[in-house]
Amino acid sequence: MQSKAEPRRRIPVYRPDLSGREKEYVVDCLDSTWISSIGSYIERFEASLADITRVPRAISLCNGTVALHLAIHCLDIGPGDEVIVPSFTYIASVNAIAQTGAIPVFAESRARDWLLDPAAIEPLITARTRAIMPVHLYGAICDMPAIMAIAERHGLKVIEDCAECLGASLNGVHPGAFGDVGTFSFFGNKTITTGEGGAVVARDPVLAARMRKVKGQGQSLTRRYWHEELGFNYRMTNIAAAIGLAQSERLGDILARKRALAARYRAALAAFPVEFQIPDQGVESSEWLVSILLPDACDRERLMADMMADGVETRPVFYCAHLMPMYQHLAVRPLPIADSISRRGISLPSFPDLGAEDQDYVVASLRSALAAQGFLS
Ligand SMILES: *Cc1c(COP(=O)(O)O)cnc(C)c1O
């Protein structure tokens, strides 16, 4: 690219699009004084999540990590139990298991879609295994028919981490509708955001009612200040829900723009020596962050620094959880595919209003960074 010293532009990996009724709804909260965790936006946002996922019960929470923790806790999983989870995931998936006292058991990922490999699950099942946690990374969806069949065969619970796949579908079914619980995050870079926020969905009304109770200090849903069991304060505020409702009104538009820019990247990089995630047949991805795997011999840090010098921000994909200091003792088997994806992956600028010209600039920057290392001429 041109002058390395003075980049002409600055293109971030992500920037939320808050151009709908977000401000109007937030001002309405302030005017009404309903700024805490009671208010009409909470109910409306929960109804809209139930509508999007087609799971009748959605419960708003203060972030996606507590959504996972609440789900595992309310499935009565805790000390001594084991939960099978891919090592290649965002750390929250694994931390939430450990927070309950249960043990994360790290599974291998699939090379083509970077997701939990169903074939890796059964060899990990022991007498202590209680649940499987498929994580639908980067907008694609795990092979849920295969995972649910394994869970049924062994009597295991299934917690779907749907933080990155709101709006995706597998054969027309929204993720979160396959397992016992689906969890969502509305952090600032997720498909829709509430600032910080999360939710769970569950088909079973008894489990849903328990999660609703436990997220509010375990207080009886009918008797004030009567606390029936150990609980937490995992509530979302009405202000956050107001932002979420405005965002959810535009989910279709946000998804359409993200899918268009993902398709555009795939076309523009078709001749580059990089690999895209290849979702299963029947998966319509939410295209959360468009990510690619670089050639094995590529120096990723150098490539990212070269692109940054052009003003293009990129981001490495997640490090494998089994490499983290607090989980290294659980790294009992080699996970070469997860390791390879984690070492080679980067995410490209993928925000909904990324313009075509800026996207071309990202592609040109990537081209020259690859060429600098001899991977393109
Ligand atoms: C974002 C994310 C979460 C949880 O997110 P919070 O930041 O706690 O809202 C969990 N799992 C995955 C895979 C995520 O990407």
Side-chain angles (χ1 to χ4, degrees), residues 13-16 45 49 58-73 83-100 104 106-107 109-110 113-116 131-142 144 147 158-168 175-176 179 181-201 211 215 232-237 240-241 243-244 247-248 258 277 279 285-291 315-322 324 327 338 341-342 345-347 350-351:
V13 167
Y14 213 80
R15 177 166 71 207
F45 183 47
L49 291 173
I59 300 163
S60 60
L61 301 163
C62 52
N63 63 60
T65 307
V66 303
L68 287 162
H69 180 253
L70 182 70
I72 303 165
H73 175 88
V83 178
I84 295 171
V85 63
S87 180
F88 178 63
T89 182
Y90 181 54
I91 198 65
S93 321
V94 180
N95 281 346
I97 296 168
Q99 284 161 7
T100 68
F106 295 123
S109 305
R110 290 199 296 199
D113 67 3
W114 314 348
L115 304 178
L116 175 62
I132 307 169
M133 185 189 288
V135 185
H136 308 304
L137 292 171
Y138 297 101
I141 302 176
C142 299
M144 290 312 296
I147 292 169
V158 175
I159 302 125
E160 292 179 70
D161 184 341
C162 305
E164 303 180 5
C165 65
L166 188 75
V181 184
T183 71
F184 295 86
S185 166
F186 307 113
F187 183 68
N189 64 15
K190 298 293 158 74
T191 306
I192 67 171
T193 183
T194 60
E196 293 273 5
V200 286
V201 298
M211 291 194 290
K215 89 161 199 189
F232 312 107
N233 175 1
Y234 284 174
R235 296 181 298 257
M236 175 179 271
T237 66
I243 297 171
Q247 288 267 288
S248 71
K258 290 177 67 105
Q277 184 180 38
S285 172
S286 71
E287 302 290 1
W288 175 54
L289 287 183
V290 180
S291 302
R315 190 174 299 172
V317 299
F318 308 119
Y319 291 103
C320 283
H322 72 270
M324 307 287 176
Y327 297 126
I341 295 165
S342 168
I346 61 168
S347 300
S350 309
F351 51 93

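Atoms within each ligand, like the ligands themselves, are counted from 1 in listed order.
- The nearest protein atom to atom 2 (C) of ligand 1, hydrogens excluded, is given as Lys190 NZ, 2.7 Å; this is a heavy-atom distance.
- Taking every heavy atom of both residues into account, Pro86 and Ser109 meet most closely at CB-OG, 4.5 Å.
- Between Phe184 atom CZ and Ile192 atom CD1 the span is 9.5 Å, to the nearest 0.5 Å.
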- request: Mind running side-chain contact (heavy atoms from CB on, under 4.5 Å) on Ser185 and Asn63 for me, showing each step along the way?
  value: CA-CA 6 Å; Ser185 166; Asn63 63 60; over 6 Å; no
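- By the 3.5 Å distance cut-off applied to N or O atoms, Thr89 is not counted among the residues near ligand 1.
- Interface of Gly64 with ligand 1, defined as ligand atoms under 4.0 Å from a residue heavy atom, comprises 4 (C), 5 (O), 6 (P), 8 (O), 9 (O).
- With ring centers used as reference points, Tyr14 lies 6.0 Å or more from Phe187.
- Scanning for side chain to side chain contact (heavy atoms under 4.5 Å, CB included) contacts around Ala98 gives Tyr327, with sequence neighbours left out.
- Taking distance alone, with nitrogen or oxygen atoms compared against 3.5 Å, Phe186 stays at or beyond that limit from ligand 1.
- When Gly198, Cys165, Ser185, Ala67 are ranked by how near their heavy atoms come to atom 9 (O) of ligand 1, first place goes to Ser185.
- Among protein heavy atoms, atom 8 (O) of ligand 1 sits closest to Thr65 OG1, 2.5 Å.
- Checking only distances, Asp161 does come within under 3.5 Å of ligand 1, N or O to N or O.
- With sequence neighbours excluded, the residues forming a side chain to side chain contact (heavy atoms under 4.5 Å, CB included) with Tyr90 are Ala92, Phe318, listed by chain and number.
- Scanning the protein for heavy atoms near atom 13 (C) of ligand 1, the closest one is Glu164 OE2, 3.4 Å.
- For the atom pair OG1 (Thr89) and OH (Tyr319), the distance works out to 15.5 Å, reported to the nearest 0.5 Å.
- Shown here for Ile159 and Leu68, the closest heavy-atom pair between the two residues is CG2-CD2, 4.2 Å.
- Ligand 1 lies out of reach of His136, whose nearest heavy atom is not under 4.0 Å from it.
- With ligand atoms numbered from 1 in the order given, ligand 1 contributes 13 (C) to contacts under 4.0 Å with heavy atoms of Val135.
- Annotation: Tyr90 places no N or O atom under 3.5 Å from an N or O atom of ligand 1; distance criterion only.
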